[in-house]
Number of protein chains: 2
Amino acid sequence: MAQSKKKAEKKEPKDEILKAALKLFTQKGYFNTSVADIRREADVSTGTIYHYFKNKEAIADALYQDIIASLNDSLKEIKNRTKNSFERLRAIVELFFALTEDASEVMGFIVLAHHQEFLPSEKPLSMSPPFLLLTEIMQEGIRSGELRRMDPVVANACFYGTLSRMIQLRLEDALEKPLDWYLLDTWTAIWKALSP
Amino acid sequence: MAQSKKKAEKKEPKDEILKAALKLFTQKGYFNTSVADIRREADVSTGTIYHYFKNKEAIADALYQDIIASLNDSLKEIKNRTKNSFERLRAIVELFFALTEDASEVMGFIVLAHHQEFLPSEKPLSMSPPFLLLTEIMQEGIRSGELRRMDPVVANACFYGTLSRMIQLRLEDALEKPLDWYLLDTWTAIWKALSP
DNA sequence: ATTAATAGATCGAATGTTCGCTCGATTTTA
DNA sequence: TAAAATCGAGCGAACATTCGATCTATTAAT
């Protein structure tokens, strides 16, 4: 038994730092969060933070890369599991809604934050692997005739725009019910917009 | 001839400050913009800035209030000018697209910025007068049967989500053509989602 | 018409504070 | 006993804001 966990004690400082940063970044925003805030929330020293990360930006970058990668895995899994656009897009809506409910900080960081403001060298979210994969899925649907003939950019905006707006409202606490309460209505609207 | 303009000289410093701040805030974000940056761009002194505004936040607040008010006026004008949901929503899409093309800084500030991060006492955008008016317009359409029976929140997300996503892509320079090139496709998708 | 007085506008150097980050010391691990 | 991890006081730079000085426009007085 090395350092993994005895009862519920020693955690990896690196993970604690990432967890604390994610929480604070989504709660107050990157620029309203100081390294001292992260230090306090993660219950480590300043030195430890800089032992694991080059600087504050590197913490945000690590979070961003982790989340993008895991989102990409999920989308790939969906693409393999399903066989047509209807199932695929529906599964993506369900995935995003579920993530919003039980990993709200992750979704807040991805959907709400303006990464380019604090990660200047990062491409826009719409150019990241999972979002390119989404575009690919939709283009395939259009080619095969499952989706209406329309500009792929508009199809994308229609799908992800509606989806992310629902998520944003939920995270702003502007909805009366949890997201899955709106799942049917949301999916119906999206599918009506996209189907032939 | 007081101080209005002789050739194209003396401008109101207050307006110059607001114009410079709007440009920089949308270009680099609120937190990446220093008062010194605004000072330079507006070609005034630090003292002048603080003569007209209590602090940096007050500049952002003035911009926000101005834009919200003018957007509200435009939406009210549309509501008066048109007589049904189809015309109203279509006119709003056209308005937003046009504003994005020839007042991109204004739209960037409204659609992309996270006001709550630098205006902590401000309500979310979705609670501002013009957005409440939009909600009202959509609820009326649902009641009258012009729009499909659905949760108003979803109808809203569908409309504004798609719209704002197209605008965001345009402002990120991710579109090959100007927005009005996508107007028909966008409107068709929105209307298919919302009509009975 | 000229001057005097006043208030508003403009200026930019100086101030105080926040914050990211460094570094030498100390402890823990292997 | 060497290397890795952890600590936190302290450094330096950036930044928002202040303030007293200077300039300008307006009004009042002679």
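Each chain gets a letter, A, B and so on, in the order its sequence line appears, and its residues count up from 1. Treat the numbers as computed from the prediction; the structure is a model and nothing was measured.
Atom CD1 of A:Ile49 and atom C1' of C:dC23 are 16 Å apart (whole Å). Counting to the nearest Å, the P atom of D:dC15 and the CZ atom of B:Phe31 are 13 Å from each other. In this entry the distance linking CG of A:Asn55 with C1' of C:dC21 reads 9 Å, nearest Å. Put simply, CZ on B:Phe53 is 12 Å from P on C:dT10, counting in whole angstrom units. Rounded to whole Å, atom P of C:dG8 lies 16 Å from atom CD of B:Glu12. Distance A:Asn32 CG to C:dC19 P: 9 Å, rounded to the nearest Å. If you measure from atom CD of A:Glu16 to atom C1' of D:dT6, you get 15 Å, rounded to the nearest angstrom. Spacing between atom CZ of B:Arg39 and atom P of C:dA9 amounts to 20 Å, rounded to whole angstrom units.
Counting non-hydrogen atoms under 4.0 angstrom, B:Thr46 reaches a base of the nucleic acid. B:Tyr52 comes within 4.0 angstrom of sugar-phosphate atoms only, judged by non-hydrogen atoms across all strands, and of no base.
Neither OP1 nor OP2 of D:dT6 sits under 4.0 Å from any side-chain N or O of A:His51. For D:dC7, one of the phosphate oxygens OP1 or OP2 lies less than 4.0 angstrom from a side-chain nitrogen or oxygen of A:Thr48. For C:dC11, the OP1/OP2 oxygens have a side-chain nitrogen or oxygen of B:Ser45 closer than 4.0 Å.
Salt-bridge formation is detected for the pair B:Arg88/B:Glu140: a Lys NZ or Arg NE/NH1/NH2 atom is positioned less than 4.0 Å from an Asp or Glu carboxylate oxygen. Checked for salt-bridge contact, A:Glu41 and A:Lys19 miss the test: no charged N lies under 4.0 Å from a carboxylate O.
The nucleotide whose nearest atom lies closest to any side-chain atom of B:Tyr50 is, among C:dT10, D:dA9, D:dA16, D:dA16. Distances were taken from every side-chain heavy atom of A:Val35 (C-beta onward) to each of D:dA16, D:dG8, C:dG20; the shortest belongs to C:dG20.
More than 12 heavy atoms of other shown residues, nucleotides or ligands fall within 6.0 angstrom of atom NZ in A:Lys79.
Screening residues 63-92 of chain A for ring-ring contact (aromatic ring centres under 6.0 Å, His included) gives A:Tyr64-A:His115, A:Phe86-A:Trp187, A:Phe86-A:Trp191 as the qualifying pairs, with residues at least two apart or on separate chains.
Take A:Asn156 and apply the side-chain hydrogen bond (donor to acceptor under 3.5 Å, both in side chains) test, not counting sequence neighbours, and it matches A:Thr135.
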